Number of protein chains: 2
Amino acid sequence: MREGPDIARIASLVGDPARANMLNALMGGTALTASELAHEAGVSLPTASSHLGKLMEGGLLTVASQGRHRYYGLAGPQVAGMIEAITGVAEAVGPKRVRPGPRDGAMRVARVCYDHLAGEQAVAMLDRLVDKNVLVRDEQEIRLGPSAASHFAAIGIDVYTKPRRPVCRACLDWSVRRSHLAGTLGAAILDKILAEKWARREKDSRAVIFSPPGKQAFERVFLS
Amino acid sequence: MREGPDIARIASLVGDPARANMLNALMGGTALTASELAHEAGVSLPTASSHLGKLMEGGLLTVASQGRHRYYGLAGPQVAGMIEAITGVAEAVGPKRVRPGPRDGAMRVARVCYDHLAGEQAVAMLDRLVDKNVLVRDEQEIRLGPSAASHFAAIGIDVYTKPRRPVCRACLDWSVRRSHLAGTLGAAILDKILAEKWARREKDSRAVIFSPPGKQAFERVFLS
DNA sequence: CGCATAGTTCGTTCCTCATCGAAGCATTCT
DNA sequence: AGAATGCTTCGATGAGGAACGAACTATGCG
């Protein structure tokens, strides 16, 4: 009967399948319109609107009106982290290993996790960066190694303009069950991958598809 | 309409107030009986039993039968981490700053967070350990400093018998909004505090109450 | 100005699920 | 053995809330 913060309220917001699908879709990091989210969740527009209202009221979402469109996005990294934590538990307890369909396959290889890269490619990249001593891993944590600044500067990423978020953070990959790189550095790397057109976002999915030359370039820079 | 792991299923388990209260109570780290959890959640025994069945089926709880008692506990650190993540969001979005009652006050000072110490005391302790360079903090992450082994050996804690869990982890404190020390080291320190009888667990609460001499001893060892 | 598109609000229907009392097992105490 | 305690199962009740169609508001296009 004790009362801390109202955890049930937040959890029940995520606990509805339609809302969970919406939040999952927004884990892609890009804001989406109400119609897109309705389609994503498989419900009618009015229903979606109602759900979005509740998520807004619960503080999990932000909205930006542009003309007649309303773009909904996750309220912040803390919310994204919560979703990831829940996803991790769901993955761990639910051995629902049923169908690793084609789209699922692409998701396993590389996908967007809020603002950084996840999947096998991302895990391999982190492993390699640790091997090369560019990053240093202490158990579950990651920090910059001595050569980090020069290494990332060479590919146009500045690791020393530090905003409020940590530069590197470990994020547990739900498909590989090992850590990949999150934080501002992880976000910067994903930005570069997309900016260089090494890979493109799969439409309506978190999957990230590398082009053959893009994959080569990525491997040369991060996996060599 | 995409399908990853069934996040809604897990979230909806936490999304019921009665179940949320039970999980919250179990964040104290000690296993509780069905009756205790029923009282904790403010529901009848049959209702509690039903909830416990669902939490078990969802894989969030483990149970140990001892005679006619059944002790329920959290299924593991991953589940505890998820609860903390949800609590963090709930705390952040819910400015329900209403009544910091007496018990709440004690909770802010020191409480148990699954298996380690949280609250103002815990945050102060981590700060001091970082100041003394016993631990090193990189942004949100924590690792052992050079003097860590000898420092903790002197007070009877071995940091080098490493189990599967990380030795030190940062855990965001929902009351202070800054990190405290989790991981096996955090757990070992809480064990010592209770073993030395510097503090006792408040009955039916996560609060940890230091005795006056215990507080002195704690401050001498960890805050000096 | 109309017409089309994007979203929200309203009212209704329907179903899930939380709840409790009573009864049923299991274990321990005397 | 009988009684008491701890917990689960069963059945009935009731409320919250998810869903959609229809109507309403707002923005953009011709």
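Worth saying up front: this structure is predicted, and the values here are computed from it rather than measured. The figures that follow rest on heavy atoms only: side chains count, while hydrogens, waters and symmetry mates do not. The chains referred to below are lettered A, B, ... by the order of the sequence lines, with proteins before strands, and numbering in each begins at 1.
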### Query
Sequence neighbours excluded, which residues qualify as side chain to side chain contact (heavy atoms under 4.5 Å, CB included) partners of A:Ala217?
A:Trp198, A:Arg220

### Protein proximity profile, nucleotides 25-30 of chain C - base contact B, sugar-phosphate-only contact S, no contact -, cut-off 4.0 Å on heavy atoms
--BS--

### Task
With sequence neighbours excluded, tell me which residues meet side chain to side chain contact (heavy atoms under 4.5 Å, CB included) with B:Ala38.
B:Ala48

### Task
Could you pull out all residues at least two apart from A:Ser35 that satisfy side-chain hydrogen bond (donor to acceptor under 3.5 Å, both in side chains)?
none

### Task
Could you tell me whether B:Tyr71 contacts a base, only the sugar-phosphate backbone, or nothing, with contacts defined as non-hydrogen atoms closer than 4.0 Å?
nothing

Heteroatom pairs (N/O) under 3.5 angstrom, protein to nucleotides 23-25 of chain D:
none

### Task
Mind calculating the distance between CD (B:Glu36) and C1' (D:dT5) to the nearest angstrom?
14 Å

### Message
So, using ring-ring contact (aromatic ring centres under 6.0 Å, His included) as the criterion, who are the partners of B:Phe218 when residues are at least two apart?
### Response
B:Phe210, B:Phe222

### Query
Can you check the A:Arg19 CZ to D:dA19 P distance for me, whole Å?
8 Å

### Query
Think A:Thr47 has a side-chain N or O under 4.0 angstrom from the OP1 or OP2 of D:dC20?
yes

### Residues forming a side-chain hydrogen bond (donor to acceptor under 3.5 Å, both in side chains) with B:Glu196, sequence neighbours excluded
B:Lys192

### Query
So which of residues 48-61 of chain A are in contact with DNA chain D, with a heavy-atom cut-off of under 4.0 Å?
A:His51, A:Lys54

### Summary
For B:Gln216, the side-chain hydrogen bond (donor to acceptor under 3.5 Å, both in side chains) test, sequence neighbours excluded, returns none

### Task
Let me know the distance between NE2 of A:His39 and P of D:dC20, rounded to the nearest Å.
13 Å

### Task
Figure out the CG/P separation between B:Asp16 and D:dG16, and round it to whole Å.
13 Å

### Query
Could you give the CG-to-C1' distance, from A:Leu45 to D:dC20, as a whole number of Å?
12 Å

### Message
Can you list everything that forms a side-chain hydrogen bond (donor to acceptor under 3.5 Å, both in side chains) with B:Ser49? Sequence neighbours excluded, please.
### Response
none

## Note on the structure
Applying side chain to side chain contact (heavy atoms under 4.5 Å, CB included) to A:Ala80 and not counting sequence neighbours gives A:Met27, A:Leu74, A:Tyr114

### Message
As a test of understanding, state which of B:Leu61, B:Val79, B:Leu60 forms a side-chain contact (heavy atoms from CB on, under 4.5 Å) with B:Leu26.
### Response
B:Leu61

### Message
If you compare every side-chain N and O of A:Ser35 against the phosphate oxygens of C:dT5 (OP1, OP2), does one of them come in below 4.0 Å?
### Response
no

### Message
Under the rule for salt bridge (Lys or Arg N to Asp or Glu O under 4.0 Å), what residues qualify as partners of A:Glu219, not counting sequence neighbours?
### Response
A:Lys215

### B:Tyr72 side chain near B:Thr62 side chain, heavy-atom distance below 4.5 Å
no

